Structures are given as C-alpha cells and as structure tokens.
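Basis for what follows: all heavy atoms, side chains included, without hydrogens, waters or symmetry-related copies. Keep in mind that this is a model prediction, so the values were computed, not measured. Just so it is clear: chains get the letters A, B, ... in the order the sequence lines come, proteins before strands, and each one is counted from 1.
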2 protein chains.
Amino acid sequence: MKLTSKGRYAVMALADLARFDNVNPVSLRDISLRQGISLDYLEQIFSKLRKKEIVQSVRGTQGGYVLNKKAKEIKLTNIFDAVDEKVKTVQCKKESKKGCHGKSTKCLTHNLWDELENHIKNFFEKKNLEDLVKDNIERRI
Amino acid sequence: MKLTSKGRYAVMALADLARFDNVNPVSLRDISLRQGISLDYLEQIFSKLRKKEIVQSVRGTQGGYVLNKKAKEIKLTNIFDAVDEKVKTVQCKKESKKGCHGKSTKCLTHNLWDELENHIKNFFEKKNLEDLVKDNIERRI
DNA sequence: GTATACTTGACTATTTTAGTCAGGTTTATA
DNA sequence: TATAAACCTGACTAAAATAGTCAAGTATAC
Ligand code: FES
Ligand code: FES
C-alpha cells in the first residue's frame, strides 16, 4: 500500500500555497521550483483542485492560484477527493451484496479491510492544511 | 493508496487456514477453491510465509500447510512483512537526512506522511489472526 | 508406483503511474 | 498594442508495478 505522487504532490503544493498565500496569488512556476515538481504535472493537479473549488485561479501576468477557503477548512479528505487519490482496501464493491470474485457472500477478510479503510480515512478527516502549516512553522523548516 | 492482492490474499488464505486448521494440514488446493485464488499464485505466497515461519509445510499426499504459531500470535504486521506488502507513504528515505528529490532538507509534508504511516502500521500491529476468525464466527459467514 | 501436494524460478500480459508534449487563452504591464 | 507571464486542456507515452501463468521439478502417503 502506498501513496501516489498525485496525492502527495497535491498536498505538498497546497502546503506551499498556504504558506505563501497572503495578498498575491502564487504561480505554479514558483511552486514547481520550490517543491521540485514538474510544472506540467502541477497544472493537471491544479486543474482538478480548481474544479473542486479548493483553489481559485487568477489569469494573466502576475496571476497564479489562491486558496478558496481558509486553510483550516481544507481537510486532507477534500484534497484527496479532488485529485482522485482513492483509498481502496476492499476488492469487492462495497454497496453490492456480492463478495470478492462475484461470490454471493462477502469474503472472510471483508470486514477487516473495511475497518482499515475507515481507520485511514479517519486520519485524512482529522488533518487540515492549517495543521500542516503550523507544524512547519514550529519546526522552522 | 490501495492494498495489493498479494497482501490481501495472504491474509485471506491464512484466515481460511486458521479456520480449518485442526489436526490435518490444509492443502493450497482447498484454499484456492474456497477463496477463489489462483493455485499458482498461492504457492508463491505460501513459499514466503513458510520462509518467515508463519506456516509449516507438510509434503506428500494429505499434505498441506499448518500454522506455525497460535493464531493470536500472528499479527497482520507479520503477515505483511512476510509477503513484502509495504506501507510506503514518504517518498524519501526515512533514515537519510535528505528530503524528497535529494534535497538537503525534508519537505513540507514529510512529517505528515510519517504520521500517516505510523497510523496505518498501528492498525496492523493491533490486529491478529484470531481476531479475524472470531469476527467471522460471530457473524457466521 | 502413482497420485497428491509442496517447491522453485522464470516468464508475461495488463494496468497504473508519473509524467511529457503541443497547442491553446487570458491579462498585466511596458 | 505588443509581449510575456501564467493559466488551461487534451492527448500521448515510457516505465514500473501488479497479478498472475507456466514449466519442471521433489517428497511422501497409500
Ligand atoms: S473484500 Fe469485500 S468480499 Fe472480499
Ligand atoms: S516525504 Fe520525506 S522529504 Fe518529502
């Protein structure tokens, strides 16, 4: 089980944005340089973040992106949802009554994976962007 | 972030083994049929489980596998370790002082991912095979 | 001696990931 | 108004990981 770059970069970029967000928008170019993430890839990611109203864009020279909500109101859950970073532990469709390989009952481990999924999602639900910025200020990174 | 089949099947197969484990060894063929997992794939998995002394093999006719410890003593952590199902959230090498892309400091999100990793590993550390069997007996699956 | 079942290693199709690339459009500012 | 900075979009692709398959054994109960 591992975190993909898409989710990791989305959070990393937003952490950067939240830190430098004051009056002026932050350009993807700056984020790209500071965080070492490909500009083209960032554009894909921010396109999704904008569609889900996590950031706002400002076009033209001196343009860039601004947070659309307060950092405290942006949970990791929201970020991951926006970029389609899924947490998938069960193999079956959860809503369906069928089990793993189309079997008629849920498999021996179904409940276990479901618990695991909740456990992980719980973490994402509790953390928000502000936590992240604070943590970095405290440690002076 | 998702669980791979290797880890999922390993736990599934061991749950099956733990349930039917009494005096006689359980053959992979039986597990394969009951759980709908390819026999060849199970063999790969059990080879690793055996090397890590989670199961014991009995060769020949009426052979199969037996748990090498009590179900209660087999934690999910042990199972995942055995089959190399890794939990990888950070991108950098944790021990190294370098950050994500070989940078000299850890990135803005490093601590966050590290917390997440601990959160997940904590779950695996708390669950053992006996929990799983009990859960299934209670629900009569 | 033969069928059952473990043992091992190599091989491969498919899918996912992590981007790149090309071609736009918008707008501040000189 | 020209120009460059920066957003915007969709298509494409190399590389890696995954989820197996396949082949050729060896051991042992009966
Ligand atoms: S994971 Fe849901 S039935 Fe197996
Ligand atoms: S995840 Fe460790 S430095 Fe970025």
Comparing Arg8(A) and Val58(B) on DNA chain C - which has the more 5′ nearest nucleotide: Val58(B)

With Lys6(A) via salt bridge (Lys or Arg N to Asp or Glu O under 4.0 Å) - residues at least two apart: none

Spacing of Leu39(A) atom CG relative to dA18(C) atom P, expressed in whole Å: 18 Å

Reported CG-to-CG distance for the pair Leu17(B) and Leu28(B), which is rounded to 0.5 angstrom: 9.0 Å

Side chain proximity check, Leu108(A) to Arg19(B), heavy atoms < 4.5 angstrom: yes

Side-chain N or O of Tyr9(B) closer than 4.0 Å to phosphate OP1/OP2 of dA19(D): no

Side chain to side chain donor-acceptor pair (under 3.5 Å) partners of Arg34(B), counting only residues at least two apart: Asp16(B)

Side-chain N or O of Arg29(B) closer than 4.0 Å to phosphate OP1/OP2 of dT4(C): no

Side chain to side chain donor-acceptor pair (under 3.5 Å) involving Gln91(A) - partner list, sequence neighbours excluded: none

Partner residues of His119(A) under the side chain to side chain donor-acceptor pair (under 3.5 Å) criterion, sequence neighbours left out: His119(B)

Whole angstrom value for the distance that separates P of dT18(D) from NZ of Lys48(B): 11 Å

Any Tyr41(B) side-chain N or O less than 4.0 Å from OP1/OP2 of dC22(D): no

N or O in side chain of Ser27(B) less than 4.0 angstrom from dC6(C) OP1/OP2: no

Sugar-phosphate, base or nothing in reach of Phe46(A), heavy atoms under 4.0 Å: nothing

Under-4.0 Å side-chain N/O to phosphate OP1/OP2 contact, Ser5(B) with dA19(D): yes

Nearest-neighbour nucleotide for the Tyr65(B) side chain, dT18(D), dC8(D), dT7(C) considered: dT7(C)

Rounded distance [0.5 Å steps], CG in Asn78(B) versus CZ in Phe124(B): 12.0 Å

Pairs meeting criterion side-chain hydrogen bond (donor to acceptor under 3.5 Å, both in side chains) with involvement of residues 120-130 of chain B, two or more places apart: Glu115(A)-Lys127(B), Lys75(B)-Glu125(B), Thr77(B)-Glu125(B), Glu117(B)-Lys121(B)

Between dG19(C) (P) and Glu85(A) (CD): distance, integer Å: 13 Å

Rounded distance in Å - CE (Met12(A)) to P (dA18(C)): 12 Å

Between dT9(D) (C1') and Leu49(A) (CG): distance, integer Å: 16 Å

Gln56(A) CD - dA6(D) P separation (whole Å): 19 Å

Protein proximity profile, nucleotides 21-30 of chain C - base contact B, sugar-phosphate-only contact S, no contact -, cut-off 4.0 Å on heavy atoms: B--BBBBB--

Out of dT8(C), dC7(D), dT21(D), whichever nucleotide has its closest atom nearest the side chain of Lys51(B): dT8(C)

dA5(C) OP1/OP2 closer than 4.0 Å to side-chain N/O of Arg50(B): no

N/O (side chain, Ser57(A)) to phosphate O (OP1/OP2, dA6(D)) under 4.0 Å: no

Protein-nucleotide distance (Asp84(B), atom CG; dG20(D), atom P), rounded to Å: 17 Å

Distance in angstrom units between Ile45(A) CD1 and dC8(D) P, rounded: 15 Å

